[in-house]
K.L.:
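What follows is a structure written as C-alpha cells; I'll ask about it next.
Below, each value reflects all heavy atoms present in this structure, side chains not excepted, and no hydrogens, waters or symmetry copies.
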Amino acid sequence: MMSAMWSAAAGMNVQTMNMDAISNNLANVNTAGFKAARAEFQDLLYQTINTAGASTSTTTTQPGGLQLGHGAKLSSMVKDFSTGSMQQTSSSTDVAIQGEGFFRVLQTDGTFAYTRDGSFTTDQNGNMVTSSGNTLDPPITIPQDALSITIATDGTVSVTQAGQTAPQQVGQITLTNFINPNGLSQLGHNLLQATLASGDPIGIAGQTGMGTIAQSSLEMSNVDMASEMVNMIVGQRAYEANSKTIQTVDQMLQLVNNLKR
C-alpha cells in the first residue's frame with residue numbers, strides 16, 4: 001500500500017508540472033512568435049514479481065508476468081512549431097515568417113540566438129534590432145534619410161532615399177532552421193539557442209523547405225485557448241484522482257492499524 005501512495009504522489013507531481021506548462025502557454029497567448037509547449041509523460045520503473053515465460057513446472061511456463069508500477073514522471077516538454085496567426089501592423093520593419101525558419105540575432109555577449117518574433121525596430125545607428133536591443137544578423141542598417149522601406153518575400157530590404165527615385169538595396173534578412181527545433185534551448189525574451197540536440201543552423205530564406213517573409217505583419221502565438229482549457233480540466237481531474245488515491249490508501253492503513261489494536 002505504501003507503493004500505491006508513492007505512485008499517487010508521483011502522479012500529483014507530474015500533474016503540477018503539467019499545469020505549469022499550461023499556465024505558461026495561457027500567459028503567452030498574445031506573445032508574438034510564441035510556440036505552445038506540451039508535457040509528455042513516462043511511466044517509472046516496475047517491480048517484477050513474476051517474469052513472463054518463467055518455468056512453472058517441467059512442462060509449463062508463466063503465460064504472463066506480474067509487475068507493479070511506481071507512478072509516472074515528466075519526460076519532456078515538446079514545442080508545437082506550427083505557424084501562428086498573422087496580424088497586420090503599421091510598422092514597415094515588422095516581419096513575419098510564413099513557413100519554417102528562425103531569425104538570427106546577435107546578443108550582447110557575442111553569441112547568436114534565434115527567434116520567430118519579427119517585431120524589429122531601428123536603434124540610434126539605424127540598425128534593425130529586436131525589442132530587447134539584439135541586432136539582427138546579418139546586420140541591416142536603415143539610412144537616416146530613408147523615406148520608405150520595402151522588404152521582399154525573400155528578405156531583401158530596399159529603401160527609397162530623399163532625392164532618389166530608384167530604391168537602394170541595403171541588405172537581406174536571412175532565415176535559418178534546425179533539423180530538430182525541439183532541441184533548442186529557451187532563453188526567455190522570445191529567444192532560443194542552438195544545442196547539440198538541435199544541430200547546427202541550416203538554410204536561407206526562400207530556399208526549398210524554408211519559409212518566406214511578410215512585411216508589416218507579425219506572427220502571433222500559436223496557443224489554442226480551447227485546447228489549453230480542456231488540458232487544464234483534464235490535468236485538474238488527474239490531480240484530484242491521485243489525491244483521492246492517497247486518501248484512500250491512508251484510510252486503508254488506518255483500518256489495518258485499528259485491527260492491530
K.L.:
Examine the side chains of Asp117 and Thr115 and answer whether a donor and an acceptor come within less than 3.5 Å of each other.
P.N.:
no
K.L.:
Strictly distance-based, threshold 3.5 Å: is any side-chain N or O of Ser243 a donor or acceptor partner for the main-chain N or O of Tyr239?
P.N.:
no
K.L.:
Any side-chain to backbone donor/acceptor pair from Thr195 onto Gly183? Under 3.5 Å, distance only.
P.N.:
yes
K.L.:
Partners of Phe34 by ring-ring contact (aromatic ring centres under 6.0 Å, His included), sequence neighbours excluded?
P.N.:
none
K.L.:
State the CG-CG distance between Asp200 and Asn177, to the nearest 0.5 angstrom.
P.N.:
12.5 Å
K.L.:
State whether a side-chain donor-acceptor pair under 3.5 Å links Gln88 with Ser217.
P.N.:
yes
K.L.:
Indicate whether any N or O donor in one side chain lies under 3.5 Å from an N or O acceptor in the other, for Ser198 and Asn180.
P.N.:
no
K.L.:
If the threshold is 4.0 Å, N to carboxylate O, is there a salt bridge linking Glu228 and Arg38?
P.N.:
no
K.L.:
Within the structure provided, determine whether Val223 and Asn30 are in side-chain contact (heavy-atom separation under 4.5 Å).
P.N.:
no
K.L.:
Answer yes if the side chains of Thr93 and Ser91 hold a donor-acceptor pair under 3.5 Å, and no otherwise.
P.N.:
yes
K.L.:
Hey, what do you get for CG (Asn24) to OG1 (Thr31), rounding to the nearest 0.5 Å?
P.N.:
8.5 Å
K.L.:
In a table with atom names and distances, give each donor-acceptor pair under 3.5 Å that connects a side chain of residues 101-112 to protein atoms at least two apart or in another chain.
P.N.:
unit_1: Arg104; atom_1: NE; unit_2: Asp137; atom_2: OD2; d: 2.9
unit_1: Arg104; atom_1: NH2; unit_2: Asp137; atom_2: OD2; d: 2.5
unit_1: Gln107; atom_1: NE2; unit_2: Thr111; atom_2: OG1; d: 2.9
unit_1: Asp109; atom_1: OD1; unit_2: Thr111; atom_2: N; d: 3.1
unit_1: Asp109; atom_1: OD1; unit_2: Thr111; atom_2: OG1; d: 2.7
unit_1: Asp109; atom_1: OD2; unit_2: Thr111; atom_2: OG1; d: 3.3

K.L.:
Between CE of Met220 and CE of Met86, what distance do you get to the nearest 0.5 Å?
P.N.:
11.0 Å
K.L.:
Would you compute the distance between atom OG1 of Thr156 and atom CD of Gln172 and round it to the nearest 0.5 angstrom?
P.N.:
4.0 Å
